[in-house]
Undergrad: 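Sharing a structure, written as structure tokens. Questions coming.
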Amino acid sequence: MIAFEKFTLENGLKVLVHKDESTPITAVNILYNVGARDEHPDKTGFAHLFEHLMFGGSKNIPVFDEPLERVGGENNAFTNNDITNYYLTIPQQNLETAFWLESDRMNELAFSEKSLEVQRNVVVEEFKQRYLNQPYGDVWLMLRPLAYKKHPYQWSTIGKEISHIENAVMEDVKSFFYRFYRPNNAILVVAGNVEVEQIKELTKKWFGTIPAGEQLQRNIPAEPLQTEERMLTVERNVPYDAIYKTYHICKRTEKEYYTFDLISDMLSNGKSSRFNNELVKKQKLFSEVNAFLSGDIDNGLFIISGKLNNGITMENAEQAIDNEIDKLKNNFVDVDELQKVKNKAESLMVFSQMKTNDKAMNLAYFELLGDANMINTEIENYRNVTQENIKSLVTKTFIKSNCSKLYYLAKK
């Protein structure tokens, strides 16, 4: 059980405090409710660009990292299609430094042309290195627009194309910042050996005067029901053929999510999983084959991916995957197998709550989903999944008309 207290400032900043007396380190996490899904289709990659810009200097602090490192702190950030998350750890006695740093960049960035140019170049280089010049790096640049036709999940966090970042101008950047990086669009979590009153004082002192932004009205287009199989075949300079199959699934907040998560574990989590036993070890069709969820806040994807062994045809490989899915459709899973994946999920959750930093991050995320206390009820959601849930969901979801697939062929 993770205990926490919650309060909200007048400018809309939500604050959660988790007291943990076992550590001298305090974690400070700020989650901004902005991700790639909030971008304009002609100006993508901005949320990720901002992840970099937020370290490029704020109004009163030229370099974010320097004062933090001087007091023994560490920090990092990540962006995905739904959120941007900044997190740091700092010795408890230097906690106010974290509040000073985070509040200054929430208040106003430096907005210098030099910083924009530097970070623009960093992101463009990252786009080239990670997505264009790396084997299989462009998979999601093709899979997302194949699976999504209306919803902004159709582009990756890095953006649709390099030109969107190359053409980013200061006016666009300022507009994006003042729209999304406001206190009423953020959740602050402090976890460590701290008192709630102390955090209230610090929060009011450093964040209380930052003006709230506009009340965001999100009109994100819903993805229509997919009614026919979609397919794309590409050739690339890669060592092995690969196959990717995606199926539309529920939102992160729906009960079905936990059933899907356990299905993915049954298929590919660990050496005794179905895919590994049957397709890698026994039939030797794949060098590796995985099943996982995108985990998106809006309706996400169930993804199956595999790298084929030499000499195996795409048709045989895909048929073997479908055969394993059919086994789940046609038979109830064994009680012991179901309990095993439930135990794994539970262990993973326990481990993910051992570090103060992870607890702060999870509290922020669940608060965004609607209730930070979900951190304490997640295990129960996994425990409640039944054999009937699995059979029913597999039968409903893993159908041809709900599938988008990519054949990624090695050039001969």
Undergrad: Write out all pairs satisfying salt bridge (charged side-chain N to carboxylate O under 4.0 Å, His left out) with one or both partners inside residues 168-192, taking only residues at least two apart or from two chains.
TA: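 For residues 168-192: K43-D172, R179-E214.
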Undergrad: Which residue pairs satisfy the ring pair (Phe, Tyr, Trp, His ring centres under 6.0 Å) criterion with at least one member in residues 8-43, sequence neighbours excluded?
TA: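 Passing the test, one end in residues 8-43: Y32-Y86, Y32-Y181.
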Undergrad: Tell me, do I165 and F127 make a side-chain contact under 4.5 Å, heavy atoms counted?
TA: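 When only atoms from C-beta onward are counted, F127 and I165 do not touch, as no gap falls below 4.5 Å.
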Undergrad: Can you list, pair by pair, the side-chain donor-acceptor contacts under 3.5 Å of residues 87-99, counting residues two or more places apart and other chains?
TA:
residue : atom : partner : partner atom : Å
N94     : ND2  : V71     : O            : 3.0
E96     : OE2  : K205    : NZ           : 2.6
E96     : OE2  : W206    : NE1          : 2.9
T97     : OG1  : N94     : O            : 3.4

Undergrad: Would you mind listing every salt bridge (charged side-chain N to carboxylate O under 4.0 Å, His left out) that reaches into residues 358-370, with sequence neighbours excluded?
TA: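 Qualifying pairs, neighbours excluded: K6-E367, K14-E367, D20-K359.
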Undergrad: Would you mind reporting whether M106 and L13 have side-chain heavy atoms less than 4.5 Å apart?
TA: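 Of all side-chain heavy-atom pairs linking M106 with L13, at least one is under 4.5 Å.
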Undergrad: Would you mind listing every salt bridge (charged side-chain N to carboxylate O under 4.0 Å, His left out) that reaches into residues 268-297, with sequence neighbours excluded?
TA: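 Pairs touching residues 268-297 that pass the test: R274-E337, E278-K282.
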Undergrad: Please work out which of the three classes, parallel, tilted or perpendicular, describes the rings of F46 and F176, given edges at 30° and 60°.
TA: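 Correct class here is tilted.
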Undergrad: Could you list the residues that satisfy side-chain contact (heavy atoms from CB on, under 4.5 Å) with Y136, not counting sequence neighbours?
TA: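 For Y136 the side-chain contact (heavy atoms from CB on, under 4.5 Å) partners, ignoring immediate neighbours, are V139, V238, P239, Y240, A242, Y244, K307, Y408.
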Undergrad: In terms of heavy-atom contacts, does CD of E388 have more than 12 from other residues, nucleotides or ligands at under 6.0 Å?
TA: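 Atom CD in E388 is crowded, with more than 12 foreign heavy atoms closer than 6.0 Å.
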Undergrad: Once side-chain contact (heavy atoms from CB on, under 4.5 Å) is applied, do any residues pair with Q119, and if so which ones, sequence neighbours excluded?
TA: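 Expected list: L49, H52, L53, S115, V122.
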Undergrad: What pairs of residues pass the ring pair (Phe, Tyr, Trp, His ring centres under 6.0 Å) test when at least one of them lies in residues 348-404, not counting sequence neighbours?
TA: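 Residue pairs with at least one partner in residues 348-404: Y247-F398, Y258-Y382, F302-F398.
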Undergrad: Taking the side chain as every heavy atom from C-beta outward, state whether D104 and F64 have any atom pair closer than 4.5 Å.
TA: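 No, side chains not in contact.
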Undergrad: Going by side-chain contact (heavy atoms from CB on, under 4.5 Å), name the residues that satisfy it together with Q215, two or more places apart in sequence or in a different chain.
TA: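 side-chain contact (heavy atoms from CB on, under 4.5 Å) list for Q215, sorted by chain: N184.
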Undergrad: Determine whether more than 12 heavy atoms belonging to other residues, nucleotides or ligands lie under 6.0 Å from atom NZ of K327.
TA: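 Atom NZ in K327 is packed in, count exceeds 12.
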Undergrad: Would you say Q154 and E223 make side-chain contact, with heavy atoms under 4.5 Å?
TA: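 Q154 does not reach E223 side chain to side chain.
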Undergrad: More than 12 heavy atoms of other residues, nucleotides or ligands under 6.0 Å from CD of E5: is that the case?
TA: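 No, not enclosed.
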Undergrad: Under the side-chain contact (heavy atoms from CB on, under 4.5 Å) test, which residues partner M314, sequence neighbours left out?
TA: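 Applying side-chain contact (heavy atoms from CB on, under 4.5 Å) to M314 gives D241, I243, L308, Y407, L409.
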Undergrad: What are the two closest non-hydrogen atoms of L279 and A320, and how far apart are they?
TA: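 So the two residues come closest at CD2-CB, 3.6 Å.
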Undergrad: Do P221 and P152 come within less than 4.5 Å of each other through their side chains, counting heavy atoms only?
TA: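 SC-SC contact between P221 and P152 confirmed.
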Undergrad: Going through the checks in order, is the side chain to side chain contact (heavy atoms under 4.5 Å, CB included) test met by I325 and L267?
TA: CA-CA 9 Å; I325 299 293; L267 290 175; 3.9 Å; yes
Undergrad: Write down the atom of T44, the atom of G159, and the distance for their closest heavy-atom approach.
TA: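 Scanning both residues, the minimum pair turns out to be OG1-CA, 3.4 Å.
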Undergrad: Can you tell if the side chain of I303 reaches within under 4.5 Å of the side chain of S294, non-hydrogen atoms only?
TA: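 I303 vs S294: side chains touch.
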Undergrad: Do N384 and K255 pass the side chain to side chain contact (heavy atoms under 4.5 Å, CB included) test, and can you show the C-alpha distance, the side-chain angles, and the key distance before you say yes or no?
TA: CA-CA 10 Å; N384 291 337; K255 283 282 191 281; 5.7 Å; no
Undergrad: Got P183 and L9 here, is their nearest side-chain heavy-atom distance under 4.5 Å?
TA: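 SC-SC contact between P183 and L9 ruled out.
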Undergrad: Enumerate the salt bridge (charged side-chain N to carboxylate O under 4.0 Å, His left out) contacts for residues 22-38, please, sequence neighbours excluded, ordered by first and then second residue.
TA: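 Sorted pair list: R37-D82, R37-D298, D38-R218.
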Undergrad: The criterion is ring-ring contact (aromatic ring centres under 6.0 Å, His included); which residues satisfy it with F286, sequence neighbours excluded?
TA: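 With sequence neighbours excluded, F286 shows a ring-ring contact (aromatic ring centres under 6.0 Å, His included) to no residue whatsoever.
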Undergrad: Are any side-chain N or O atoms of K160 and backbone N or O atoms of P41, one a donor and one an acceptor, separated by less than 3.5 Å?
TA: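 Looks like yes, one N/O pair under 3.5 Å.
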Undergrad: As a quick check of understanding, evaluate side chain to side chain contact (heavy atoms under 4.5 Å, CB included) for T203 and V190, giving each step before the final call.
TA: CA-CA 10 Å; T203 310; V190 183; 5.8 Å; no
Undergrad: Heavy-atom distance under 4.5 Å between the side chains of V341 and N269, does that happen here?
TA: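 No. Closest side-chain heavy atoms not under 4.5 Å.
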Undergrad: Is the closest basic N to carboxylate O distance between E117 and R120 below 4.0 Å?
TA: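 Salt bridge: yes.
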Undergrad: Tell me, yes or no, whether the heavy-atom count around K150 atom NZ, taken from other residues, nucleotides or ligands under 6.0 Å, exceeds 12.
TA: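 No, because the 6.0 Å sphere around NZ of K150 holds 12 heavy atoms or fewer from other groups.
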Undergrad: Take I210 and S103 through the side chain to side chain contact (heavy atoms under 4.5 Å, CB included) test and state the conclusion after the steps.
TA: CA-CA 8 Å; I210 301 174; S103 63; 4.2 Å; yes
Undergrad: How close do E51 and T79 get, heavy atom to heavy atom, and via which atoms?
TA: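 That closest heavy-atom pairing would be OE1-OG1, 2.5 Å.
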